[in-house]
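Each chain gets a letter, A, B and so on, in the order its sequence line appears, and its residues count up from 1.
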Protein chains: 2
Amino acid sequence: MFKDRIRSPELEGKVMTAQEAVAFFKDGMNVGMSGFTRAGDCKVMPRALAERAQTEQLKLNVVTGASLGNDSDGMMAEAGVLARRSPFQVDSVLRRHINEGKVLFTDQHLSLTVEHMRSGNLPAIDIAVIEAVAITETGAIVPTTSVGNSASFAQQAKQIIVELNLSMPVEMEGLHDIYVPEARPNRQPIELTDVDQRIGTTAIQVDPSRIVGIVVTDALDSPSSVLPPDEETQAIAGHIIEFLKGEVDAGRMSQSLLPLQVGIGTIANAVTYGLLDSPFTDLKMYSEVLQDSAIAMLDSGQLSFASASSLTLSAPKMAKFLEGLDSYRDKLVLRPQEISNHPELVRRLGIIAINTALEFDIYGNVNSTHVCGTHMMNGIGGSGDFARNAHLSIFVSKSVAKDGAISSVVPMASHVDHCEHDVAVLVSEWGLADLRGLAPRERARVIIEKCAHPDYRPALLDYVERASERGGHTPHILEEALSWHVRFQQQGTMKQEQFQTQELATA
Amino acid sequence: MFKDRIRSPELEGKVMTAQEAVAFFKDGMNVGMSGFTRAGDCKVMPRALAERAQTEQLKLNVVTGASLGNDSDGMMAEAGVLARRSPFQVDSVLRRHINEGKVLFTDQHLSLTVEHMRSGNLPAIDIAVIEAVAITETGAIVPTTSVGNSASFAQQAKQIIVELNLSMPVEMEGLHDIYVPEARPNRQPIELTDVDQRIGTTAIQVDPSRIVGIVVTDALDSPSSVLPPDEETQAIAGHIIEFLKGEVDAGRMSQSLLPLQVGIGTIANAVTYGLLDSPFTDLKMYSEVLQDSAIAMLDSGQLSFASASSLTLSAPKMAKFLEGLDSYRDKLVLRPQEISNHPELVRRLGIIAINTALEFDIYGNVNSTHVCGTHMMNGIGGSGDFARNAHLSIFVSKSVAKDGAISSVVPMASHVDHCEHDVAVLVSEWGLADLRGLAPRERARVIIEKCAHPDYRPALLDYVERASERGGHTPHILEEALSWHVRFQQQGTMKQEQFQTQELATA
């Protein structure tokens, strides 16, 4: 049974049901689960843990790569399994539990979670649950559509449960490049100087005796929920491409640009699709997640190589990818998120980083996580890993949300994930603000003019003018700085009556 | 003349007066000046530029390593020489000009300035002014008490003016290790794996034909203005040492700890002095600046090696250092700030980073730069280079300022330089808050209990309780979040009447 999937004879006897495997878990344990942007997540054990929690207390501290799919986070949250959760999530049920203070969520830079575990700053993993297409002759685990934190979880855990996924082809072996930095002190440089370089092994080497259970499944990854490009996301893509053309014309990069990182989500996916119509050739991605658009660009030949930690595709694109798997073998690599997002490599390679903002302020501070400064949306993800050390740190957002009731450009960000020092370019459907080398007072003018929705420009200009009279390197009127968010909370809109009139009068 | 100082015969003829050298500067030029934390700054040309600006328009964009001494920044600001200034400053006159919007200041992570120049994100340097103890046979420039950005400035500038400082011994040659990363793409790893390793040259190699002038001076560095340790800074040092002892006891590091980075200033200097009474041995520093305390620790033998970008000492300590120069030669190295602060190395070496906060909030966000969110104090300096990738990111502050009228612990930071994701430990004279692995709601309790001044604890607890009722991952009452700063601006104190009473009643 599963001869091609469990190639280590000593492990054949470890196949068990999820109900048997769940017995390894004890209340209070630290659990590391595979899964990154809903790709390669363990699918069976979260449900089995939620079921067991119906009859006895089972509170766990669950750490993943990034987001899980298959409603796993929601099920575990509802069942009370999640005492703590880190470093990222996208589940609406879990989100509610986090914002109600029922699940203690720690939002982390995605490259840092296992670094801090390795060094003892965060507790060690008791049990790792890792989805795999196969276990090799030596007991090494071959991941599926993501690597995430799985390699470090498996290295650090006392016990490992493998979810063997029969729906993923065993031919995925060879797509992954597993490299884990040594513990400090005496760590060596990460000797990766090109996006397409391989520096590790194709599977996660572990002592097979720590594999205590193998659970078999054929459940699929949750398909990508990304929306197709619309007029506004296409406009954002257009502004970025024009800007990059200018960079090429200025001699700051070649027609192949520099390696691209594009965040998860609808806008980022649209930006990548936009590159299909660009004059750039022989592009490379060094990103954390590959979406449909990346595969389309590999197919068109415009993208010559893609490195990431996960593949998060729509159902048809995934089917097509798996069908043509052999043709992608030399064009694509999946790495641990510590490596895909490593600041050492981001700085060395000179990444062009494109990430999504929830809101940004007139001085260039970016909020990626907190709605109205308080309610967690998803998490910072890898944006901070990339933004600080990128060659170009670009953040994108539609200029308004909620039918115009929310301006994404505000006087003061209600939460700061990326400080002014880490933001080079801001883009909305209205235009692109190039902030390089500008002082805060200059940034304010450019951001309002280029990125704010015209409905909000007069009020933003009025704010910055009145604030500037008070002086300061970064002028603010503190008693008004967050009033736009308060007005939205109290009146359902950030708009101010007097500026609506003014806007109509001048329109 | 200066045979031991100008060892390249072709350059002997380049000696000139400052008034002659100033003719090379043209209105609108980009000028790179040596100097880092008031060490190794060019001293003659700033004054000469300010003088020339009395009679004709001369507006320059001045980039340095970090802060200049000798009132240079103030003189140039008053004379209208500074159109733009980056990446850091500490001059009270320049500070006023920045906050009045007269000088356009760009506050930057100190490791990134020359990276962005090299890649074209920031304009290239027209003229570099570099202080030196000597120019070698091949025309290479030997810096003085700092390296800062001088190596990259000299490499990139069309013209170089050397300020030859006769008051600094020529025997300083050999203290420096000049290494500049290649332009991207195709950059190689920085092959530095130990604090005491040398990877470069002892002088800045340049094409001697670009050295257009040599100006001779014997002006001294401005001595360090750091205050001696007091009861509160000693208490902060004590908390950190107790915490680090706990880390050693828990097996997370050896008695030699991991390499230390300690920021500039009075508190940081006191923390280092505190280590003199600690049980730790064979310590190493990988820092950006060495203060009196570091030299005292080298003298005591407790510190076995110190790497930094500058030496900022008091006058007596500098005299003693220069006297014993030979004995420090194998215990100390000065590097470019891009290398002393490089995230690749900070992450690899596993730095313990100790930096000063202006204020921090109950959720762990740190403001290092802006008084009341608007007025620039100095700049972010290297704190962000270290904090994000450190093994331990520690921020310190006295719990109150202005005789208690300002609480350094506030509901919401009025400006965020270091987001919650980058802060592991906060310390005041009252105690140490270990935030590792905590969710925001947990952090609030710990920060208030451990770090806030008792006078402010009831009001902070009241805020967090009322905010928590509104829900959210990071609870806030937006209309009150910045009210402490507004109260200070309007009433001269952050204190609230009702909590003063309550505090006295329960005291």
Q: Using non-hydrogen atoms only, which part of B/R441 is less than 4.5 Å away from chain A: side chain, backbone, both, or neither?
A: side chain
Q: Does any heavy atom of chain B fall under 4.5 Å from the side chain of A/D194, the backbone, both, or neither of them?
A: side chain
Q: Please determine, among A/E100, A/E115, A/H391, A/E247, the option with the most heavy-atom pairs under 4.5 Å with chain B.
A: A/H391
Q: A/F360: which residues meet the ring-ring contact (aromatic ring centres under 6.0 Å, His included) condition with it, sequence neighbours left out?
A: none
Q: Among A/S86, A/P181, A/A439, who wins on heavy-atom pairs under 4.5 Å with chain B?
A: A/A439
Q: Which atoms of B/L104 come close to chain A, meaning under 4.5 Å heavy atom to heavy atom: side chain ones, backbone ones, both, or neither?
A: both
Q: Report which part of B/H116 has an atom under 4.5 Å of a heavy atom belonging to chain A: side chain, backbone, both, or neither.
A: side chain
Q: What is the minimum heavy-atom distance between A/T374 and B/G471, and which atoms define it?
A: CB-O, 4.5 Å
Q: Using non-hydrogen atoms only, which part of B/M253 is less than 4.5 Å away from chain A: side chain, backbone, both, or neither?
A: neither
Q: Tabulate, in ascending numerical order, the residues of residues 474-484 of chain B having at least one heavy atom closer than 4.5 Å to a heavy atom of chain A, or enter 'none'.
A: B/T474, B/P475, B/H476, B/L478, B/E479, B/A481, B/L482
Q: Considering only heavy atoms and a distance below 4.5 Å, find which of B/S111, B/A467, B/A424 pairs most often with chain A.
A: B/S111
Q: Does B/R388 reach the side chain of A/D422, with side-chain heavy atoms less than 4.5 Å apart?
A: yes
Q: Taking all heavy atoms of B/N389 and all of A/P343, pick out the closest pair and write down the distance.
A: OD1-CG, 3.3 Å
Q: Using a 4.5 angstrom heavy-atom cutoff, name the option from A/S254, A/G350, A/A413, A/P440 with the most pairs to chain B.
A: A/G350
Q: If you measure from the Lys or Arg side-chain nitrogens to the Asp or Glu carboxylate oxygens, is any gap between A/E442 and B/R84 under 4.0 Å?
A: yes
Q: Mind telling me whether A/H415 and B/H421 have parallel, tilted or perpendicular rings, with 30° and 60° as the class edges?
A: perpendicular
Q: Among residues at least two apart in sequence or on other chains, which ones pass ring-ring contact (aromatic ring centres under 6.0 Å, His included) with B/H342?
A: none
Q: Between B/V346, B/L122, B/T193, B/L258, who has the most heavy-atom pairs with chain A when the cutoff is under 4.5 Å?
A: B/T193
Q: Sort out for me which of A/H375, A/R348, A/R436, A/M376 touches chain B most, counting heavy-atom pairs under 4.5 Å.
A: A/R348
Q: Name, in order of residue number, those residues of residues 184-192 of chain A that have a heavy atom at a distance of less than 4.5 Å from a heavy atom in chain B; otherwise write 'none'.
A: A/R184, A/P185, A/N186, A/R187, A/Q188, A/P189, A/I190, A/E191
Q: Under a 4.5 Å heavy-atom cut-off, does chain A meet the side chain of B/S119, its backbone, both or neither?
A: both
Q: Just so I understand: if I count every heavy-atom pair under 4.5 Å between each of B/L349, B/V371, B/D434, B/D107 and chain A, which residue has the most?
A: B/D107
Q: Picking from A/E420, A/R96, A/M412, A/E344, which has the most non-hydrogen pairs under 4.5 angstrom with chain B?
A: A/E344
Q: Measure distances from B/I98 to the heavy atoms of chain A and classify the residue's part below 4.5 Å as side chain, backbone, both or neither.
A: both
Q: Angle between ring planes, B/H473 versus A/H370, binned at 30° and 60°: parallel, tilted or perpendicular?
A: tilted
Q: Determine the option with the most heavy-atom pairs under 4.5 angstrom with chain A, choosing from B/G251, B/A183, B/G101.
A: B/G101
Q: Please identify, among A/R470, A/R347, A/R443, the residue contributing the most non-hydrogen atom pairs under 4.5 Å to chain B.
A: A/R347
Q: What part of B/N121 is in contact with chain A, defined as an atom under 4.5 angstrom from a non-hydrogen atom: side chain, backbone, both or neither?
A: both
